[in-house]
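These notes are about the structure you will find just below.
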Amino acid sequence: MSDEPWWKSAVFYQVYPRSFADSDGDGVGDLEGIRGRLEHLAWLGVDAVWICPFYRSPMTDFGYDVADHCDVDPLFGTLEDFDRLLAEAHALGIRVIVDWVPNHTSDQHPWFVEARSSRDNAKRDWYLWADGPEKPNNWKAAFGGDTWTWHEATAQWYLHLFLPTQPDVNWRNPELAAAMHETLRFWLDRGVDGFRIDVVQGLTKDTSWPDDPPGQLLPHAAVNDRADTHAILRGLRRLADAYTPDRLLLGEVYLLSTATVAGYVGDGDELHLAFDFTPLYAPWDAGAWRARIEEVEVEFGRRGAWPTWTLSNHDNPRHRTRYGGGERRARAAAILLLTLRGAPFVYYGDELGLEEAEVPPDRVVDPGGRDGCRSPMPWDGSPGHGWPGAEPWLPWAPDPASRNVAALRATESSILHLYRRTLAARRASPALATGAVALRPSPAGVLAYERTEGEDRRVVLVNFSAEPAAVALDGRWRVEVDSDGLLEGESFPGRLAGDHAVVLRSVD
Ligand code: NOJ
């Protein structure tokens, strides 16, 4: 395993910095807050943390509208804070991935301010402009409305796949491409372990501006898939590969086809890892998950690529709420996530079994309706739940007085301890960490798979139904991890409760 890259056996933890931990009492999380809570990540046993954008930004998309790729927004701290956070994470053995937003910038970015100043400005071509009077096409923007905004002063349309405050850049312009490369080098030279790259599939567009087919319900960003984007990725990969130790390019490829997403690893010369969101949108159903695993194995396997597994993130309702079924089902989902073949991504707070927060209309702030999954991390049972000053920017998820880090850490039977035990089991088992996967026959409602690496074997059983199920297995098996925590260390009795999952170890 030693010549494998570090990310192949890594479990990732996603931090949404506004919501994780606040050090200065303004109600918005910050880098010092994250640094102060690294011990939680080390205790939990994750290998790497991905931090969503903390760069200078007017925050119309809460940081995904970047106004300076090479500086920290004062809301989140300073570059020195970042350096300290990185050094302390590394000292704890935790790698740090930062977000990189190359498809668009803020309309307040100095590049766009220059570009829009006149049609013959040297940076005009760093963005995508089109003549009027008609809009060039019918593309829909990601949060509603069209992808085109008229710029009155220079009498042209500019393209934005997201908000009008997020103009798309023109990667075909070599100066823009070089400037973007410089922003990567800036963070690589500081020592980051890699990047989560935003909207990879958007990087190039068909600038003959064809219409999307009539009746296309998806925003254009979710269907834009082009050969010339792959050349850009190969350039990024060359840049990353020039660094040692190895750095990770993890791409958000928001195209809802596993085969297409897998293509973004190229021939081992593009992304190292690509997010496949089809499992995130799969229902909590054994057949649906069996089909997901089969397809991922075929399509990622064809490319020799390492899969990724995400149940929740900052763009979607939390999976505990989506799946229904309460905490027991969320526990079964934790075992599924952490034992699949590929890189699992734990979204902050899922280890507490957080539900979606209810956000009253007067507290809605996100133009994309995503506030409910971005609630503040409850650290303890005090009135401020570990947030030291102003009320946090978003409401709490339900029950923060009992569902918080301190309370669940003090309770061995909690979901938080289940995450920790499952992560420890994964780390201790080559089969679970990097081994092969084979689906096994199982009764309706149950998913069964085996993970193997050499002599090391584990069987995972997940009962997606609320009804108990009998599962016959050849050989003798001991329960290593039990989502309900009841059977660990005992022989597997041949049945599962409803909403129940186990990791089994062969005793033969
Ligand atoms: C994907 C990010 O995950 C999302 O939060 C953001 O709004 C869009 N890209 C635009 O940057």
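On a predicted model such as this, the values are computed, not experimentally measured, just so you know. Whatever order the structure lists ligands and atoms in, that order sets their numbers, starting from 1.
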Practice task
Quick one: list whatever passes side chain to side chain donor-acceptor pair (under 3.5 Å) with Tyr127, sequence neighbours left out.
Solution key: Thr105

Handout entry: Between Trp309 and Phe300, ring centroids under 6.0 Å
Key = no

Handout entry: Side chains of Ser117 and Arg124 in contact at under 4.5 Å (non-hydrogen atoms)
Key = no

Under 3.5 Å, N/O to N/O: give me all the pairs between ligand 1 and the protein, one per line with atom names and distance.
| from | atom 1 | to | atom 2 | distance (Å) |
| --- | --- | --- | --- | --- |
| ligand 1 | 3 (O) | Arg196 | NH2 | 3.0 |
| ligand 1 | 3 (O) | His314 | NE2 | 2.8 |
| ligand 1 | 3 (O) | Asp315 | OD2 | 2.5 |
| ligand 1 | 5 (O) | His314 | NE2 | 3.0 |
| ligand 1 | 5 (O) | Asp315 | OD1 | 2.7 |
| ligand 1 | 5 (O) | Arg370 | NH1 | 3.2 |
| ligand 1 | 7 (O) | Asp61 | OD1 | 3.3 |
| ligand 1 | 7 (O) | Asp61 | OD2 | 2.6 |
| ligand 1 | 7 (O) | Arg370 | NH1 | 3.0 |
| ligand 1 | 9 (N) | Asp198 | OD1 | 2.8 |
| ligand 1 | 9 (N) | Asp198 | OD2 | 3.2 |
| ligand 1 | 11 (O) | His104 | NE2 | 3.0 |
| ligand 1 | 11 (O) | Asp198 | OD2 | 2.6 |

Exercise for the section: Verify the distance criterion only: is there a donor paired with an acceptor across the side chains of Asp65 and Thr60 at less than 3.5 Å? Expected result: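 Yes, side-chain donor-acceptor contact under 3.5 Å.
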
Practice task
Test ring-ring contact (aromatic ring centres under 6.0 Å, His included) on Tyr323 and Trp289 and set out the steps.
Solution key: CA-CA 13 Å; Tyr323 292 161; Trp289 272 86; 7.4 Å; no

Problem - Electrostatic pair Asp61-Arg370, nearest N-O below 4.0 angstrom - result: yes

